[in-house]
Amino acid sequence: MADNQDTSASEAATPAPSGMKARLPLIAAITAGLAIGVGTGAVVVGPAAAKALGFGAVAIADTVAVADEASAEADSLARAGSTPTVLTLENLVLNPAASGGSRFLLLTVAMECGGAESLASLQARDAELRDVVLSTLSRKTVEELADVSQREGIKTELLTALNERFGAKSVVRVYFPQYVVQ
């Protein structure tokens, strides 16, 4: 047993084989190559691919322009002394026209009201409000609802229907924060 302890102690004291020392420069070269490749990809290839796919400076400029518009609108509201009053109807589900019940639209409608009185009136008439939204949109076909180019026209039609039912300028703007055609 003493012999076993002596041999394991002598094995631990022996230096690493020369084959491992010979591989260290190779491992270092591979690691450096990978680091250079990742850096090049992040700095050169990534932006070039993003630009080719349309995610370049134009998208950033559009985002800045939208943020500037929102900021300007908020500033004008603050100067006027009023804050926007928004009423949201969440997770409305309807079957589009001519879908036979096999397709549906899931949406959330946010309506910017003309003032606090309009907001209170719409909240008090919630069932009627939901009915106007659902009946207006359920007249549309799946193709009309799925076509992104018609989205603004749908918002305008809904705005008109809401103001006809609840009074002019009850609703100023309509937004669709959630809009899924299935």
Side-chain angles (χ1 to χ4, degrees), residues 42-43 45-182:
V43 173
V45 178
K51 186 175 181 181
L53 294 173
F55 297 115
V58 173
I60 293 169
D62 289 345
T63 303
V64 170
V66 169
D68 287 345
E69 285 177 22
S71 176
E73 186 172 338
D75 288 345
S76 68
L77 287 171
R79 281 191 298 269
S82 64
T83 58
T85 50
V86 178
L87 176 63
T88 304
L89 300 176
E90 295 184 358
N91 299 324
L92 298 173
V93 179
L94 65 97
N95 295 107
S99 68
S102 62
R103 306 286 299 272
F104 66 90
L105 170 66
L106 168 68
L107 79 151
T108 296
V109 180
M111 294 158 283
E112 186 177 332
C113 302
E117 301 88 26
S118 297
L119 176 64
S121 173
L122 292 173
Q123 287 173 331
R125 298 167 68 181
D126 183 66
E128 190 178 358
L129 177 64
R130 290 173 184 272
D131 181 63
V132 170
V133 171
L134 292 174
S135 61
T136 302
L137 295 177
S138 63
R139 287 188 220 117
K140 301 287 183 192
T141 64
V142 173
E143 290 76 23
E144 290 171 321
L145 293 170
D147 187 359
V148 176
S149 67
Q150 293 191 27
R151 196 79 40 94
E152 289 303 315
I154 292 170
K155 288 179 185 179
T156 303
E157 185 178 337
L158 185 57
L159 180 66
T160 302
L162 290 167
N163 283 327
E164 284 177 2
R165 176 71 65 91
F166 299 105
K169 300 295 181 184
S170 291
V171 178
V172 180
R173 288 187 187 91
V174 175
Y175 306 99
F176 295 140
Q178 178 185 29
Y179 192 97
V180 179
V181 178
Q182 198 62 28

Determine the minimum heavy-atom distance between [X] and [Y], stating which atoms define it.
{"X": "Arg151", "Y": "Ala146", "value": "NH2-O, 4.2 Å"}
{"X": "Ala110", "Y": "Thr88", "value": "CB-OG1, 4.0 Å"}
{"X": "Arg103", "Y": "Gln182", "value": "NE-O, 3.1 Å"}
{"X": "Thr141", "Y": "Glu144", "value": "N-OE1, 2.8 Å"}

**Report entry** Side chain proximity check, Leu87 to Asp126, heavy atoms < 4.5 angstrom
**Finding:** no
**Report entry** CA sep, side-chain torsions, deciding dist, call: Leu107, Leu94, side chain to side chain contact (heavy atoms under 4.5 Å, CB included)
**Finding:** CA-CA 9 Å; Leu107 79 151; Leu94 65 97; 4.1 Å; yes
I need the [X] [atom1] to [Y] [atom2] distance, nearest 0.5 Å.
{"X": "Arg139", "Y": "Glu157", "atom1": "CZ", "atom2": "CD", "value": "7.0 Å"}
{"X": "Ser170", "Y": "Leu122", "atom1": "OG", "atom2": "CG", "value": "6.0 Å"}
{"X": "Leu158", "Y": "Phe176", "atom1": "CG", "atom2": "CZ", "value": "5.5 Å"}
{"X": "Leu105", "Y": "Ser99", "atom1": "CG", "atom2": "OG", "value": "10.5 Å"}
{"X": "Gln150", "Y": "Ile154", "atom1": "CD", "atom2": "CD1", "value": "6.0 Å"}
{"X": "Leu137", "Y": "Leu92", "atom1": "CG", "atom2": "CG", "value": "8.5 Å"}

Report task. Run through Lys169, Lys155, Arg173 and flag the one making a salt bridge (charged side-chain N to carboxylate O under 4.0 Å, His left out) with Glu112. Result -> Arg173
Query raised in the report: Does Leu106 offer a backbone N or O that forms a donor-acceptor pair with the side chain of Asn91 under 3.5 Å?
Result: no
**Report entry** Any donor-acceptor N/O pair, Thr136 side chain to Val132 backbone, under 3.5 Å
**Finding:** yes
**Report entry** Test side-chain contact (heavy atoms from CB on, under 4.5 Å) applied to Tyr179 and Val109, Leu145, Thr108, the passing residue
**Finding:** Leu145
